[in-house]
Amino acid sequence: MGFLQQKNSADDSIVARIATLVLRLILVVAIPLIAFAVLYAGFIFLRDGNAPKWVITAVAIIWGVGGVAALFWIFNWIVELFSDTWRARLQPFVFVGPALAILAWYLAIPVGRTFYISLFDRDGPGTGQFIGLANYATVFTDRLMREAFRNNIFLWIIFAVPLTVGFGLLVAVLADRSRFERTAKALIFLPMAISFVGAGVIWNFIYVVRPPDTEQIGLLNAIIVNLGGTPRFWPAHTAIAPWNNLFLVIIVAWLQSGYAMVLFSAAIKGVPVEILEAARVDGASEIEVFFKIMIPTILGTIITVTTTVVIFTLKIFDVVWVMTGGQFGTGVIATQFYRQSFIARNAGLGAAIAIVLLIAVIPVMIYNLRQFREQEAF
Amino acid sequence: MAGTRRQKWLSLLLVNGTLLLMVLLWTVPTAGLFVSSWRPRLDIQSTGWWTIFPHREWQTVETLDPREMGLDATGPMQIRGIEATFEELRAGVATPDGAQLRWLGNRRLGRIEVQERVWTVNWDFTTENYGQVLQGKDFEYVNPDGSVEVIPGDNFWGAILNSIAVAVPATVIPILIAAFAAYGFAWMDFTGRRFFFIIVVALLVVPLQIALVPILRDYARINLNGTFLAIWLAHTGFGLPLAVYLLFNYIRTMPREILESAFIDGASHFTVFLRLILPLSTPALASFAIFQFLWVWNDYLVALIFLGGNKETEVLTMRLANLVGSRGNDWHLLTAGAFVTMIMPLVVFFSLQRYFVRGMMAGSVKG
């Protein structure tokens, strides 16, 4: 990239450096701020207008998208008015600045702010009391929190992850040998396009229970009654706790298997055919070929899929919230976070739970960074 | 030779048989919902959706009046060659000719029905469920006992427009910002370039729960809660790390010669980006766009927090979740409502499956 590295050591006086810094900072802050002000003014106008809904929708889209595009254009135009040296110094921040500013506001700084809030009692900083790490003690001792950890780790991760990875791998291997590969894969992948709320309704309809003397309209209870069992709303049937959680785990396995399948399918297609054929000629059975050649070759993909599903499962929220609201012993970390932060209004405890969730994904973050460094993209 | 052919045939059967079983397991839940959404309200509540397939059902062929027949319901009764008590008849008693006798109603005023088992299908379908779910006006139902029930419409149509107003800018804005940033990281030189990019990679897996409370406090301070702008910016923030990362990986691999020749011709970074990089990045942009669009369309948590409480801007997932909460037993509404929320993702999915899969494979670790 040598040619693109603009020379900026030519007139590197202190004044120029400071001026650069100041101008860069102004750009980084100004683009989002002006964007924000213009958009906000537009929305005050939109909100107070009595236009039909579809007009508001159309204006909202044009306003939002056009506004951001215009801002980029305006700032670039301003920067291009400067001399070459200054342009080389400032232009990168026109390009990268807005992204960095938004990332800082929406993700990077909130990590620190949430940690700060977690050191206070239920009212948070300002009106609340500083209580140090007491919230973290609560996180690990409170009965509902312990239940949430148990569910999230011992039921969700232990069951949802192998189910998803297993089903995904099974379908990928089978589809690879079938003439109906495309259709089968599309149909199994389809739930990925459905929202968790929608999936919640779909599975609520499978679990729905009617009084025992009437006809069951839910598929599961209809089968159970036919086999001579008692119909129940299984996700909320606390007599079998904690196993009632598995009725929610199945939903996520159903949703996510398609994702695992697609990645495995691509990996399997990448296994060299010559190696497989050579093994078969040497008399290896299909099962040996699968475990001794296929699995080791696609191990990288298996790790990727497993990590993704583990992260996903740690943050599981919508399905549990729509199906049971986290009651009946089905609470998980994210539902407890929501309950504490937005319903019980215990800001400190809610923040502490969020921090625990962040700590749980730090190993993955480190792994990602290490991968990135190995690629040496820079 | 015959042995190996047989073996081959068997293994094919095993492969396709298992595959068919899996496909059935995966499609039946959605199929049941879809079928039910077209069935009349009372049918859904009384029979399973699978009764649209041929099945045997008891059907009344004759009604008997116990009082006319002079039967005494307090003791065992003689009817049609069988002897049964009132309790037995309530549960249904089989007659020697394969029919069933069933007492309906109470002991004094009830009647006896003679039922026979016949093959039948429940093929009554209606579009009324969708009509009610989509519109905002009230609907009147006449129950079998003649009473009239008024159920308010659910105005999913308004929620569809809100979902579009949320999802389109929440997809385009992060793409625009991320494309500029990715170009900057890939082709421009500035201090802190490596440091900032490492931050982007680190932020890939940060759970968005961490940001909800601080951002909500900021929004409350500047009175932004419940507006479209609030949720666009939130989705932009949460989607940006992945967008920058994906687009950077793509833009970085572009041949340097193309850019260099453009610069020699006197083009500025802005022109190169607009005229060259953006058009060449279409596959990557499309992949991320579909991924982000479906993510935003299906999102519930972010919408619940930043749009919650404002009925005017409620999106589809919120409307459906509210329906589950308020009318959890009205399956004619829930099934139709759930399917309405699924139409857009399914259309996008089937028309652009290729891009969607590609975007998903690249973005395995979204936070």
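Proteins come first, then strands; the chains are lettered A, B, ... in the order of their sequence lines, and each starts at number 1. Because the structure is a prediction, the values reported are computed rather than measured.
When A:Ile194, A:Leu369, A:Ile362, A:Ile355 are compared by the number of non-hydrogen pairs under 4.5 Å with chain B, A:Ile194 comes out ahead. Of all the listed residues (B:Leu294, B:Leu212, B:Val201), the one sharing the greatest number of non-hydrogen pairs under 4.5 Å with chain A is B:Val201. Of the listed residues B:Ala338, B:Ala202, B:Gly184, the one with more heavy-atom pairs under 4.5 angstrom with chain A than any other is B:Ala202. Per-residue heavy-atom pair counts under 4.5 Å with chain A were compared for B:Thr317, B:Val172, B:Ile215, B:Leu323, and the maximum is reached by B:Ile215. Of the listed residues (B:Trp49, B:Phe350, B:Phe273, B:Trp50), the greatest number of heavy-atom pairs within a distance under 4.5 Å of chain A belongs to B:Trp50. Each of A:Val197, A:Thr214, A:Val208 has some count of heavy-atom pairs under 4.5 Å with chain B, and the biggest count is that of A:Val197. Contacts with chain B were tallied for A:Ile62, A:Thr301, A:Val96; A:Val96 has the most, counting heavy-atom pairs under 4.5 Å. In terms of heavy-atom pairs under 4.5 Å with chain A, the best-connected choice from B:Gly325, B:Gly237, B:Pro174 is B:Gly237. Chain B forms the most heavy-atom pairs under 4.5 Å with one residue out of A:Asn76, A:Val361, A:Ile117, A:Leu170, and that residue is A:Asn76. Chosen from B:Leu304, B:Val166, B:Thr191, B:Leu12, the residue pairing most often with chain A at heavy-atom distances under 4.5 Å is B:Leu304. Put simply, of A:Ile353, A:Val111, A:Val322, A:Leu190, the one with the most heavy-atom pairs under 4.5 Å next to chain B is A:Leu190. Comparing A:Val173, A:Leu358, A:Ile206 by how many heavy-atom pairs each has under 4.5 Å with chain B, the most go to A:Leu358.
Looking at A:Arg210, the atoms closer than 4.5 Å to chain B (heavy atoms on both sides) all sit in the side chain, from C-beta outward. Heavy-atom distances place both the backbone and the side chain of B:Ala321 under 4.5 Å from chain A. Interface remark: A:Pro92 contributes backbone and side-chain atoms alike to the contact with chain B (heavy atom separation under 4.5 Å). Neither the backbone nor the side chain of B:Val348 comes within less than 4.5 Å of any heavy atom in chain A. In this structure, the portion of B:Thr51 lying under 4.5 Å from any heavy atom of chain A is its side chain and not its backbone. In this structure, chain A has a heavy atom under 4.5 Å from the side chain of B:Leu216, while its backbone stays farther away. Contacts of A:Phe205 with chain B are made by both backbone and side-chain atoms, with heavy-atom separations under 4.5 Å. Residue contact with chain A, scored on non-hydrogen atoms closer than 4.5 Å, involves the side chain of B:Ile305 exclusively. There is no contact between B:Trp297 and chain A, counting heavy-atom distances below 4.5 Å. For a residue to count as touching a neighbouring chain, one of its non-hydrogen atoms must lie under 4.5 Å from one of that chain's; by this rule B:Phe339 does not touch chain A. When heavy atoms are compared at a cutoff of 4.5 Å, B:Val324 approaches chain A solely by way of its side chain, counted from C-beta outward. For A:Ala199, no part sits under 4.5 Å from any heavy atom of chain B, backbone or side chain. At a 4.5 Å heavy-atom cutoff, the contact between B:Val15 and chain A is made by backbone and side-chain atoms alike. Using a 4.5 Å cut-off between heavy atoms, B:Pro241 contacts chain A through both its backbone and its side chain. If you measure heavy-atom distances from B:Ala234 to chain A, the contacts under 4.5 Å come from both the backbone and the side chain. When heavy atoms are compared at a cutoff of 4.5 Å, B:Thr30 approaches chain A by way of both its backbone and its side chain. Neither the backbone nor the side chain of B:Ile199 comes within contact range of chain A; no heavy atoms are under 4.5 Å apart. Looking at B:Met22, the atoms closer than 4.5 Å to chain A (heavy atoms on both sides) sit in the backbone and in the side chain alike. With a 4.5 angstrom heavy-atom cutoff, A:Trp203 touches chain B only via side-chain atoms. For A:Ala347, the part lying under 4.5 angstrom from a heavy atom of chain B is the side chain only.
In terms of heavy-atom proximity, A:Val65 sits nearest to B:Pro169 at CG2-CA, 4.0 Å. Nearest heavy-atom pair, A:Ser257 versus A:Phe167, reported as atom, atom and distance to 0.1 Å: OG-CB, 3.5 Å. B:Ala211 and A:Tyr106 get closest at one heavy-atom pair: CB-O, 3.0 Å.
Side-chain contact check for A:Ser178 and B:Asn16: at least one donor-acceptor pair (N or O, by modelled atom type) lies under 3.5 Å.
Contact of the B:Val272 side chain with the B:Phe263 side chain is registered, since non-hydrogen atoms from C-beta on lie closer than 4.5 Å. A heavy-atom distance below 4.5 Å is not found between the side chains of B:Phe190 and A:Gln91. Residues A:Phe72 and A:Val68 form a side-chain contact, since some pair of their non-hydrogen atoms from C-beta on lies under 4.5 Å apart. Inter-residue side-chain proximity for A:Met261 and A:Lys185 is flagged as met; some heavy-atom pair is nearer than 4.5 Å. Residues A:Ser118 and A:Arg113 have side chains not in contact (no heavy-atom distance under 4.5 Å, counting atoms from C-beta outward). Between B:Trp26 and A:Phe189, every side-chain heavy-atom pair lies at or beyond the 4.5 Å cut-off. A heavy-atom distance below 4.5 Å is not found between the side chains of A:Leu90 and A:Phe75. Side-chain contact between B:Thr47 and A:Ile217: absent, with no pair of heavy atoms (C-beta onward) separated by less than 4.5 Å.
Ring geometry for A:Tyr338 versus A:Phe342: interplanar angle of 30 to 60°, hence tilted.
A 6.0 Å sphere centred on CH2 of B:Trp157 holds no more than 12 heavy atoms belonging to other residues, nucleotides or ligands.
For A:Tyr259 and A:Phe312, the distance between ring centers is not under 6.0 angstrom. Taking the six-membered ring where the residue is Trp, the centroids of B:Tyr300 and A:Phe196 are separated by 6.0 Å or more. Aromatic rings of B:Phe185 and A:Phe95 (six-membered ring for Trp) have centroids beyond the 6.0 Å cut-off, not under it.
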A:Trp105 and B:Asp218: CA distance, side-chain angles, deciding distance, side chain to side chain donor-acceptor pair (under 3.5 Å) verdict: CA-CA 10 Å; A:Trp105 182 19; B:Asp218 291 348; 2.7 Å; yes
